[in-house]
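Notes for the one structure printed next.
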Amino acid sequence: MTIIITKDFHFEAAQSLASFPEGHKCRHIHGHSFKVSISIKGPVNPQTGLLRDHAEISQAMRPILKKIDHAYLNDIPGLENPTIENIAAWLWHQLKPHLPELYEITLHETPHARCTFRGEF
C-alpha cells in the first residue's frame with residue numbers, strides 16, 4: 001500500500017521582492033505568517049503500519065525553521081529573491097537529503113495564496 005503523509009508547520013518571516021515593479025506593495029519589506037505543508041509518499045511498512053513517524057518529519061524541519069522563523073528571508077543564502085516559488089524550491093533542497101520520500105511541499109503565503117512544488121526543475 002502506497003500512501004501520502006502530510007505534516008504542517010508555521011513560521012513568521014519578512015521579505016522584500018526587489019524584482020517586482022516599482023510601486024508594487026511586495027517590493028518593500030513586509031512580512032507573512034507562512035504555513036508549509038510537507039508531504040512524503042511511499043509504501044507502508046507492514047510490520048509498523050507506518051510510512052514514517054511524523055516526529056521524523058518534524059525533526060527534519062526543526063533546523064530549517066530555526067533559520068527562517070522570524071528572519072528576513074532575503075538575508076538567507078539561496079533566498080535572496082524569496083518568492084513563494086523560490087522558498088518552496090529552497091525548502092525542497094533543504095529537506096530532500098533528510099526525507100528521501102519527500103513528495104510535495106505546499107507553501108501558503110496567505111490563507112488564499114499558495115505554491116505547490118514537487119521537485120521538478
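Computed from heavy atoms alone, side chains included, the values below leave out hydrogens, waters and symmetry copies.
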Sorted by chain and residue number, the side chain to side chain contact (heavy atoms under 4.5 Å, CB included) partners of H30 (sequence neighbours excluded) come out as Q15, C26, H32
Quick one: ring-ring contact (aromatic ring centres under 6.0 Å, His included) partners of F11, sequence neighbours excluded? F34
If you compare all heavy atoms of I29 against all heavy atoms of A14, which two are closest, and at what distance to 0.1 Å? CG2-CB, 4.4 Å
Distance alone, cut at 3.5 Å: any donor-acceptor contact between the side chains of S37 and T106? no
Run the salt-bridge test on R27 and E22 with the 4.0 Å N-O cut-off and return the result as yes or no. yes
Show which side-chain atoms of residues 41-52 pair as donor or acceptor with protein atoms under 3.5 Å away, not counting sequence neighbours.
residue : atom : partner : partner atom : Å
N45     : OD1  : Q47     : N            : 2.7
N45     : OD1  : T48     : N            : 3.3
T48     : OG1  : L50     : N            : 3.1
R52     : NE   : E101    : OE1          : 3.0
R52     : NE   : E101    : OE2          : 3.4
R52     : NH1  : E56     : OE1          : 3.0
R52     : NH2  : E101    : OE1          : 3.1
R52     : NH2  : E101    : OE2          : 3.2

Minimal heavy-atom distance between L102 and S39, with the atoms involved, is CD1-O, 3.6 Å
Worked check of side chain to side chain contact (heavy atoms under 4.5 Å, CB included) between L95 and I105: CA-CA 10 Å; L95 280 173; I105 292 175; 4.2 Å; yes
Applying the 4.5 Å side-chain criterion to the ILVMFWY set and letting contacts propagate, would L17 and I76 be lumped into a single cluster? no
May I ask you to decide if R118's main-chain N or O and E120's side chain share a donor-acceptor pair within less than 3.5 Å? no
State the CD1-NZ distance between I5 and K7, to the nearest 0.5 angstrom. 10.5 Å
For residues N74 and E80, report the shortest heavy-atom separation together with the two atoms involved. ND2-O, 3.2 Å
Side-chain donor-acceptor distances from residues 57-72 under 3.5 Å, at least two apart:
residue : atom : partner : partner atom : Å
K67     : NZ   : Q94     : OE1          : 3.4
D69     : OD1  : E12     : N            : 2.9
Y72     : OH   : S16     : OG           : 2.6

To the closest 0.5 Å, what do you measure between CD1 (I38) and CH2 (W92)? 9.5 Å
From H108 atom NE2 to R114 atom CZ, the distance as rounded to the nearest 0.5 Å: 6.0 Å
W90: what forms a ring-ring contact (aromatic ring centres under 6.0 Å, His included) with it, not counting sequence neighbours? none
For H24, ring-ring contact (aromatic ring centres under 6.0 Å, His included) partners two or more places apart: F20
I40, I3: one ILVMFWY side-chain cluster at the under-4.5 Å cut-off? yes
Nearest heavy-atom approach of P82 to I87 is O-CD1, 3.4 Å
N81/L79 under side chain to side chain contact (heavy atoms under 4.5 Å, CB included): CA gap, chis, key distance, verdict: CA-CA 5 Å; N81 183 24; L79 289 178; over 6 Å; no
